[in-house]
2 protein chains.
Amino acid sequence: MVGLTIGKVAEHAGVNVDTLRYYERQDVIGKPLRNGSNYRLYPEDTIRRVRFVKRAQELGFSLAEIKELLELRVSKNASCANVRDQALAKVDSLNEKIRSLQSMRRALVKLANECSDDGPVGDCPILDALDEKGRVR
Amino acid sequence: MVGLTIGKVAEHAGVNVDTLRYYERQDVIGKPLRNGSNYRLYPEDTIRRVRFVKRAQELGFSLAEIKELLELRVSKNASCANVRDQALAKVDSLNEKIRSLQSMRRALVKLANECSDDGPVGDCPILDALDEKGRVR
DNA sequence: ATAGACCCTAGACCTAGGTCCAGGGTCAAG
DNA sequence: CTTGACCCTGGACCTAGGTCTAGGGTCTAT
C-alpha cells in the first residue's frame, strides 16, 4: 500500500470525500499521487493536515489564511527571515484574537456572577467585551 | 431627533445599510422604530451592537451564535440560573478556543525561532498545534 | 460474471452572509 | 419645484465552503 484512498482519509479526518477534492482544487492540500486506476493515494499525514484545517476554521480562519499558515513550513526554499517575519505577523494577529476572546470571557463570567447573586442585571457587560481596542488585521 | 437613520448607523458601525436590514431579518438586531415616512430610527447603542457582531464574527462565531450571546443579557425574563448556565457554557467553549489559539501561537513562535537561528526546519510544529485536545463544542 | 462498495470528472445545487438592483417615496437646498 | 441624497421593499446576484448527482470505471467477494 503506497497511500490512503480518499475514502480512508475522509473517514479518519471526519470530512466528506468531496471536501478533500475541494481542498485539492483550492490548493489547501497538495495533489496526491494516483495509482494505475487514477485513484488518489494520500500520504498518512494528510489526515492531520485536514484535521488542522477543520480546527483552524472553527477559530475563524478562512481557507486562504489556513493555506498561508500551512505554507509557512513548506517554504524551506523561501528566505528563512521572510518565513520568520510572516510567522511573527501571524503571532501578532493571534494575540489580538486571544485578547478579544479573553475579554469576551471576562464579560460572560461577569454576567454569570451578576446572575448568580441575583443582583441587578444592570448594564450589559457583553457589549463592552469587544469595544474598540484597535482592529484585528 | 428620536433616533439614528439607517445610513448613520451604517456609517458609524462601518457596515453597509443592506447589512443592517439583513441583520434585522435575521433577528440579530431588534426591529427599530419607524418615523412617519416609514424610515427606520435606531437607538444609539445599535452602533455598539453591530460593532460587537462584526468583531465576534472575526473570532469565528456565526450570526446564530452571536444572537445567542446577545440574547443572554436581554432575557431578564428567563430564569437567572438558566442565563448563568448558558453563560458558563459559553465560557467553556471560549476557553477551548483560547487554548487552541495559544497552542497555535506557540507553534508559530517555535517556527519563528527555528528560522531565526538558521537551525533545521525539521518537523513542522504547525500541524501539532491543533492536534486532538478534545473537540470544541 | 455480477453485485456492492469504491473511485473518477463535470457540473449543478446548497447555506451563510451579504450586496446590488429596480421601482418608488421623502426631504433639504437652491 | 426640481435635483440630489436619502429611505423603502422585493428579489436577483455574489463569494466561500461545501455537498450532491449523473454517467462511467474498478475491485472484491460470492
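Order of the sequence lines fixes the chain letters, A, B, ..., with proteins taken first and strands second; residue numbering starts at 1 for each chain.
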Going 5' to 3' along DNA chain C, which are the first and last nucleotides with any atom under 4.0 Å from a heavy atom of chain A? C:dC6 to C:dT9
Can you check whether A:T19 reaches A:V50 side chain to side chain, under 4.5 Å on heavy atoms? no
Could I get the full list of salt bridge (charged side-chain N to carboxylate O under 4.0 Å, His left out) partners for B:R40, not counting sequence neighbours? B:E24
Rounded distance (Å) that lies between atom C1' of D:dC7 and atom CG of B:L4: 15 Å
Strictly below 4.0 Å, N to O, side chains only: are B:R48 and B:D45 in salt-bridge contact? no
Readout for nucleotides 18-27 of chain D: B = base within 4.0 Å of protein heavy atom, S = sugar-phosphate only, - = neither; 5' to 3' it is BBB----BBS
Determine, step by step, whether A:Y42 and A:L20 satisfy the side chain to side chain contact (heavy atoms under 4.5 Å, CB included) criterion, reporting the C-alpha distance in whole Å, the side-chain angles of both residues, the deciding distance to 0.1 Å, and the verdict. CA-CA 11 Å; A:Y42 294 92; A:L20 294 175; 4.2 Å; yes
Hits for side-chain contact (heavy atoms from CB on, under 4.5 Å) against B:D92, two or more places apart or cross-chain, chain-then-number order -> B:N95
Can you name the side-chain contact (heavy atoms from CB on, under 4.5 Å) partners of A:F61, sequence neighbours left out? A:A56, A:L59, A:E65, A:I66, A:L69, A:L94, A:K97, B:L101, B:M104
With B:E44, which residues qualify under salt bridge (charged side-chain N to carboxylate O under 4.0 Å, His left out), at least two apart? none
Is a donor on one side and an acceptor on the other found under 3.5 Å between the side chain of B:R51 and the backbone of B:T46? no
